[in-house]
Structure formats: C-alpha cells, structure tokens
Amino acid sequence: MSQHDPKFLPEPQSLRPENLSGRLLSWYDRNRRVMPWRALPGELADPYRIWLSEVMLQQTTVAAVIPYFQKFVERWPTVMDLAQAPLDDVLHAWAGLGYYARARNLHKCAQTVAAWRGGVFPDTEEALRKLPGVGEYTAAAIAAIAFGKPAVVVDGNVERVMARVFAVTEPLPRAKRQIKEHAATLTPRERPGDYAQAVMDLGATICTPRNPACGICPLMAACVGRQLGMAEALPAKEEKPERPTRRGIAFWATRKDGAVLLRRRPEVGLLGGMIEIPSTPWREDKWSLEDALPEAPFQAEWRLLPGLVRHTFTHFHLELVVAAGKIGPAALTRGLWVPLDKLGDHALPTVMRKVVKHALLKAY
DNA sequence: AATTCGTGGCA
DNA sequence: TTGCCAAGAAT
C-alpha cells in the first residue's frame, strides 16, 4: 500500500500517541472545570491546597470533597496552621469523609513539612513520596500540578482512559505496569499538570466507567478500544471476593443527666482513633443479649431497641442492634460522657452517627 | 502480593 | 435492593 492509494488513510499527525496530549489539553482549555483548589489560568497553584485536595480525593468523589476542602482551608489556611492544630480537631473535621488513616497521615505530613522546610513542600516526586499518606499517585500529581514536573500521573481515571485508548485487555491490577507505560508515552513536557488534570477530567466526565460519551470524546479517532467495540468493557478487573456480614450490639448508655457514653477506638485499624458508641466485637455469628452482656460497659438492665442499623464498609456489611441502658449510681465505667447536644463536637464516623440517630428515634 | 482501610451516588 | 465505583496508601 502506498500513500497514493486512495484507500490509505494516513493517520493524522495529531492522533499519534505523542500528540494525544495536545488534543487533551485543547479539550481541557475549552471545558475547564472550576474546583476550589485549582489555580486560575496563569496563576500558580498553591502546593498546600493541591496536596490537601489530592489526599481528600483519594478514592473520594469531587462532590464529596469540596465542602470538606472549603472547611479545611478556611480553618487552616496554610500547612503551618494545620501542623499546629490538635490531631483531634483534624479528625473531627474529617469525620464523614472516610478512610480516617488519611486524616492522621495528613496531620503527620503537615508536621513533617513544617519541621523540615518551615512549611515549604518538596517539589520532586522522590521527596514527596516519602511523606506520610503520599503514595505513587499523589506524589506524581503534586509534582505535576503544583510544580510543573512531567511526572506520570496514574489514577483510576487514567487507568480507564489508557486501557480503552490502547485496548489493554489484561485485567487490573496486573495491567498496572503496562498502563503506566502507555501513560508515560502520552505525558508531555509542556503543561504536565494541566495534562494530568485533563485526563482525569476526561475520565470523570466522558470516558466514564458506564455509558462513556465516546461520541464527543477528543480521543475518539485514536481510541482502539472503541474501534474494537470494547471500550465500555475496559478496563477488565479481577473478580472481587464477596463481602461478609458482621454483627454486633451497640450499647446506648445514658446517665441521669442525659449524657451518653462514648469511647475512642484504637489508634490503628478500622475507624482508627475515631469516637464510637461502645459495642461488642463485630463477628459473623448473631449475638443474643445474654452473649453480649459481658461486653457491656457496665451492668444494667439493657433492653434491645427494635430495628437494626445497617452500614457497609469496603470489605464487609455491618448490622448493629442497639441496646439501651442507664448507669446506676454505684457503677463505674471508662469512657467519655457527652451531653446529647454536644455529640456533634466529637469525631463520630458515619456509622456511629447512624447509631445515634437510631437510638434517639427508638429509645425515648 | 494481597488485605485492609469509609462513604455516598448511581444504575 | 445490590453491587459498583471514586484523583489510593499502608502494611
């Protein structure tokens, strides 16, 4: 086949892999999305705000992050402010956003940056990667977006876009290395931060997991996945194990003055360091009240409230039955007695707020 | 390398 | 109702 053959359609130069970034950037410029951490065109990004937003955005949607981000930067405008804040204040402000280890690492990272560099973030991937809570993705994202470094940024959006454009059929997570190689071939030296955000925006708005809008995609002509009719099916993923159900009894313990007993969870593990309604351990077998009594915070006439509190974590379902009881004058217990109207002052994760709501509805 | 980490929106 | 999914990190 020669170039003079009318059937030969030369691949436009703009569709060569090294030029796809140009198409993405021009699409990005035409469809710029406003987010509170993004610099305006021509402005320099604030590394503190980029870092804070990237940590919040780990496995979390933009819509969920925005109000938390606003709250954090209003209360702690610089990394020095955040470093000086009590950890409890940070956990409380984070409550509801999930993955609470992020909040602890955020605070630790702020203190590290404050101590080492007086509040100046490192600007290389290698140095960023050493900070607590900053992994491969986040280091690359900060380096690219805040410092203009041509880092290869690979998040879930990039994985999906690359898998489709290059028709990568190997399932994730095995395909990660292959996908990163593709991503590296597209990463430009000019405007790498905008490019990274362009791919992520594309994945969030057009190259979506379901019903991708291929008809208006700036990469449509280059997308091998689409040409093969398999774009929506990519990326392939390994099967996930099914989620078990765990059960427990939570103790809604009240005092004569109406205060409720709370306690702090262990620093590590599920809901680490957060405040909870005391409960039995969470196990697969159902609990009878008799089984649960030795786990109660004190001896009392516990009564089971009708109904259940259901909550789903990443890897299991939880069903909590709530038992209500009043502490006697002689009983001692460990924990934190909190008036009902002060429950909001504590770092209660969502599952525990559900327990509170249920108890308030059923116990009075 | 495989698990363990939350939560809310969506089909 | 159920499962999937989201700008992943730590161990």
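Order of the sequence lines sets the chain letters (A, B, ...), proteins ahead of strands, with each chain counted from 1. Values reported hereafter were calculated over all heavy atoms of this structure, with side chains retained and with hydrogens, waters and symmetry mates removed.
Nucleic acid contact for A:Leu97: base, since at least one base atom lies under 4.0 Å from a heavy atom of the residue. Heavy atoms of A:Val351 sit under 4.0 angstrom from primed sugar atoms or phosphate atoms, though from no base atom. As judged by a 4.0 angstrom heavy-atom cut-off over every strand, A:Val55 is placed among residues making no nucleic acid contact. Within the 4.0 angstrom heavy-atom criterion, no nucleotide atom of any strand lies near A:Gly203. Residue contacts for A:Met35: at a heavy-atom cut-off of 4.0 Å it reaches a base atom on one of the strands shown. When heavy atoms are screened at a 4.0 angstrom cut-off, A:Gly272 is found touching no nucleic acid atom at all. If you check every strand for non-hydrogen atoms under 4.0 Å, A:Thr350 touches sugar and phosphate atoms only. Among the protein residues, A:Thr312 comes within range of the nucleic acid bases, having at least one heavy atom under 4.0 Å from a base atom. A:Pro173 comes within 4.0 angstrom of nothing in the nucleic acid, heavy atoms only. Residue-level contact check: A:Arg177 touches neither bases nor backbone, having no heavy atom under 4.0 Å from any strand.
A sub-4.0 Å separation between OP1 or OP2 of C:dA7 and a side-chain N or O of A:Arg160 is present. Put simply, A:Tyr100 has a side-chain N or O that comes within less than 4.0 Å of OP1 or OP2 on B:dT7. Look at A:Gln58 and you won't find any side-chain N or O under 4.0 angstrom from OP1 or OP2 of C:dG8. The side chain of A:His315 contributes no N or O atom lying less than 4.0 Å from OP1 or OP2 of B:dT3. A:Lys176 has no side-chain polar atom (N or O) that falls below the 4.0 Å cut-off from OP1 or OP2 of C:dG8. Regarding contacts with the backbone of B:dG6, every side-chain N or O of A:His311 stays at 4.0 angstrom or more from both OP1 and OP2. Using a 4.0 Å cut-off, no side-chain N or O of A:Lys240 falls inside it from OP1 or OP2 of B:dT3.
Contact of A:Thr138 with C:dG8 (side chain to base): no donor-acceptor pair of N or O atoms is detected under 3.5 Å. Between the side chain of A:Thr60 and the base of C:dG8, no donor-acceptor pair under 3.5 Å is found.
At whole-Å resolution of the value, CZ in A:Arg49 and C1' in C:dA7 are 17 Å apart. Between the CD atom of A:Glu238 and the P atom of C:dC5 there is a distance of 13 Å, rounded to whole Å. Between the C1' atom of C:dA7 and the CE atom of A:Met56 lies a distance of 13 Å, rounded to the nearest Å. Straight-line distance from the CZ atom of A:Arg174 to the P atom of B:dA2: 9 Å, rounded to whole Å. C:dC5 atom P lies 12 Å from atom CD of A:Glu239, rounded to whole Å. In this structure, A:Phe69 places its CZ atom 18 Å from P of C:dA7, rounding to the nearest Å. Atom-to-atom, CZ of A:Arg246 to P of B:dC5 comes out at 7 Å; the value is rounded to the nearest Å. Atom CZ of A:Arg102 and atom P of C:dA9 are 11 Å apart (whole Å).
One side chain, A:Arg38 or A:Gln197, offers a donor N or O that lies under 3.5 Å from an acceptor on the other. Between the side chains of A:Thr138 and A:Gln58, a donor-acceptor pair is found at a separation under 3.5 Å. A donor-acceptor contact closer than 3.5 angstrom is absent between the side chains of A:Arg243 and A:Thr314.
Separating the C1' atom of B:dG6 from that of C:dA6 is a span of 12 Å, rounded to the nearest Å. Here the separation of B:dA2 from C:dA7, taken at their P atoms, is 24 Å to the nearest Å.
In terms of position along DNA chain C, the nucleotide closest to A:Trp37 lies nearer the 5' end than the nucleotide closest to the other residue of the pair A:Trp37 and A:Asn105. Checking A:Glu136 against A:Arg210, the closest nucleotide of DNA chain C that is more toward the 5' end is the one next to A:Arg210. Nearest-nucleotide mapping onto DNA chain B: of A:Leu271 and A:Asn211, the residue sitting toward the 5' end is A:Leu271.
For the pair A:Phe313 and A:Leu271, the minimum side-chain heavy-atom distance is below 4.5 Å. Under the 4.5 Å side-chain criterion, counting only non-hydrogen atoms from C-beta, A:Met80 is not in contact with A:Val113.
In the set B:dT7, C:dA7, B:dC5, C:dA7 carries the atom at the smallest distance from any side-chain atom of A:Met200. Distances from the side chain of A:Leu57 to the nucleotides B:dG6, C:dA6, C:dA7 place C:dA7 closest.
Judged by a 6.0 Å distance limit and a 45° cone about the ring axis, A:Arg246 is positioned over the six-membered ring of A:Phe316. Taking the centre and axis of the six-membered ring of A:Trp51, the NZ or CZ atom of A:Arg49 falls outside the cone set by 45° and 6.0 Å.
Between A:Tyr48 and A:Phe121, the angle of the ring planes lies from 30° to 60°, which puts this pair in the tilted group.
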